[in-house]
Protein chains: 2
Amino acid sequence: MIFQIDFKAGKPVYLQLVDQIRYAAAAGRLRPGEPLPSIRPLAEELRVNRNTIAKAYAELENQGVIETLPGKGCFLKANSSPFTKPIRDKLLLTEIDEAVVMAHHLQIDRDKFLALVQERLDYFERKSTNPNGGK
Amino acid sequence: MIFQIDFKAGKPVYLQLVDQIRYAAAAGRLRPGEPLPSIRPLAEELRVNRNTIAKAYAELENQGVIETLPGKGCFLKANSSPFTKPIRDKLLLTEIDEAVVMAHHLQIDRDKFLALVQERLDYFERKSTNPNGGK
DNA sequence: TCTGCTGTCCTATTACTGTAGGACAGTCGG
DNA sequence: CCGACTGTCCTACAGTAATAGGACAGCAGA
């Protein structure tokens with residue numbers, strides 16, 4: 001599990017980590033129960049303070065993506081999403097609307113958009129179904 | 001054209017404006033060539049500094065959503081998106097992936113997700129085709 | 001129990017971002 | 001040409017967010 005941090009990306013390091021881990025989980029490159037890299041070694045490898053990693057992990061725990069076992073480490077959760085159904089619906093709707101609005105402004109027509117969505121769904125599904133999905 | 005600002009939303013006022021205007025444009029509630037509210041009156045109405053509105057408009061101009069005619073005002077552009085095709089593709093792909101990853105973590109299955117996407121496409125298309133789309 | 005690992009809390013500093021007010025430039029109608 | 005409107009630039013201030021280092025707590029193996 002290697003992460004790519006871009007220090008001149010403008011985006012906070014801890015958020016880059018959050019994104020990459022969420023993405024990796026959705027792509028099946030990280031599997032439920034699998035341990036995440038421990039905070040200190042990862043911090044050293046990425047040349048960042050430990051608290052930066054800790055903040056990313058804390059955020060992921062809030063989102064229900066990972067869980068922390070005191071003294072043992074952090075692990076990818078099996079059943080994500082601690083949120084109620086109405087909240088989950090709203091979260092997803094917001095994301096979808098953002099994509100749809102973006103498509104409008106980029107002048108991407110409906111068919112092309114739908115094709116792209118299916119392609120990405122395939123991409124993630126294939127990866128997360130295939131044990132060697134990662135790379 | 002009325003905007004709803006939530007001061008305790010945590011989200012910056014100028015970004016709330018940007019979102020609402022992008023959304024309104026995609027929904028056809030704002031039409032190409034149509035003038036946006038002038039900065040000062042709108043600022044007064046929303047109880048914000050003019051520069052907060054100006055910042056939102058500047059951001060929208062960067063995104064190619066609106067254009068500014070010096071001394072005259074700001075207007076919704078007809079052909080949005082000043083970006084090259086590869087950049088546009090990347091922008092859209094990022095949005096779509098975010099939605100797909102979100103769906104994964106919320107445990108929304110493929111069919112439900114696709115149905116939601118179509119529903120939102122319908123929603124925006126209907127609005128932007130119907131002159132009284134707004135409300 | 002001691003050592004070395006795990007994550008966590010508290011605190012401090014730094015940098016940045018959001019917001020604000022004053023002065024300026026372009027346009028238009030009297 | 002003057003006044004009232006348009007948006008813009010510059011500067012300043014305040015709050016917050018990102019990052020960092022020290023000290024602490026839980027677990028496991030020697």
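In what follows, chains are A, B, ... by sequence order, proteins preceding strands, each numbered from 1. Please read these numbers as outputs of a predicted model, since none were measured by experiment.
- Between Leu42(B) atom CG and dT6(D) atom P there is a gap of 11 Å when expressed in whole angstrom units.
- Note on Ser38(B): a side-chain N or O is less than 4.0 Å away from OP1 or OP2 of dT6(D).
- Judged by the 6.0 Å and 45° rule, Arg120(B) forms a cation-pi pair with Tyr123(B).
- Phosphate contact (OP1/OP2 of dT19(D), side-chain N/O of Asn51(A), threshold under 4.0 Å): absent.
- At whole-Å resolution of the value, CD in Gln16(A) and P in dA18(D) are 12 Å apart.
- In this structure, Phe7(B) atom CZ and dG15(D) atom P are separated by 16 Å, rounded to whole Å.
- Rounded to an integer number of Å, the gap from Leu15(A) CG to dT17(C) P is 13 Å.
- Phe75(A) places its CZ atom 11 Å from the P atom of dT6(C), with the value rounded to the nearest Å.
- Whole-Å rounding puts the Leu60(A) CG to dT8(C) C1' distance at 16 Å.
- One can place CD of Glu67(B) at 15 Å from C1' of dT6(D), the figure rounded to the nearest angstrom.
- When the nucleotides dT19(D), dG18(C), dG7(D) are ranked by their closest atom to the side chain of Asn49(A), dT19(D) comes out on top.
- Among residue pairs with one or both ends in residues 33-57 of chain B, none qualify as side-chain hydrogen bond (donor to acceptor under 3.5 Å, both in side chains); sequence neighbours excluded.
- With a 4.5 Å cut-off on side-chain heavy atoms, Val65(A) and His105(B) count as touching.
- Nearest-nucleotide assignment on DNA chain C puts the 5′-proximal partner with Pro37(A), out of Pro37(A) and Gly10(A).
- For Arg47(B) and dG21(C), the CZ to P distance is 13 Å, given to the nearest whole Å.
- At the phosphate of dA20(C), OP1 or OP2 sits under 4.0 Å from a side-chain N or O atom of Thr52(B).
- Here the nucleotide nearest the side chain of Ala54(A), chosen from dT8(C), dT6(D), dC9(D), is dT8(C).
- Mapping Cys74(B) and Lys11(A) onto DNA chain D via the closest heavy atom, the residue that lands nearer the 5' end is Cys74(B).
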Would you check, one step at a time, whether the test salt bridge (charged side-chain N to carboxylate O under 4.0 Å, His left out) holds for Asp6(B) with Lys11(B)? CA-CA 8 Å; Asp6(B) 180 1; Lys11(B) 192 167 189 174; over 6 Å; no
Per-nt protein contacts along nucleotides 23-30 of chain C (heavy atom under 4.0 Å; B base, S backbone sugar-phosphate only, - none) come out as B--BSS--
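- Sequence neighbours left out, the pairs with a member in residues 63-72 of chain B that pass side-chain hydrogen bond (donor to acceptor under 3.5 Å, both in side chains) are Arg22(B)-Gln63(B), Glu59(B)-Gln63(B), Glu61(B)-Thr68(B).
- Closest contact between the side chain of Lys55(B) and the listed nucleotides dT19(C), dT8(D), dA20(D) involves dT19(C).
- No donor-acceptor pair closer than 3.5 Å links the side chain of Gln107(A) to the backbone N or O of Asn79(B).
- Between Pro37(A) and Phe3(A) the shortest side-chain heavy-atom distance falls below 4.5 Å.
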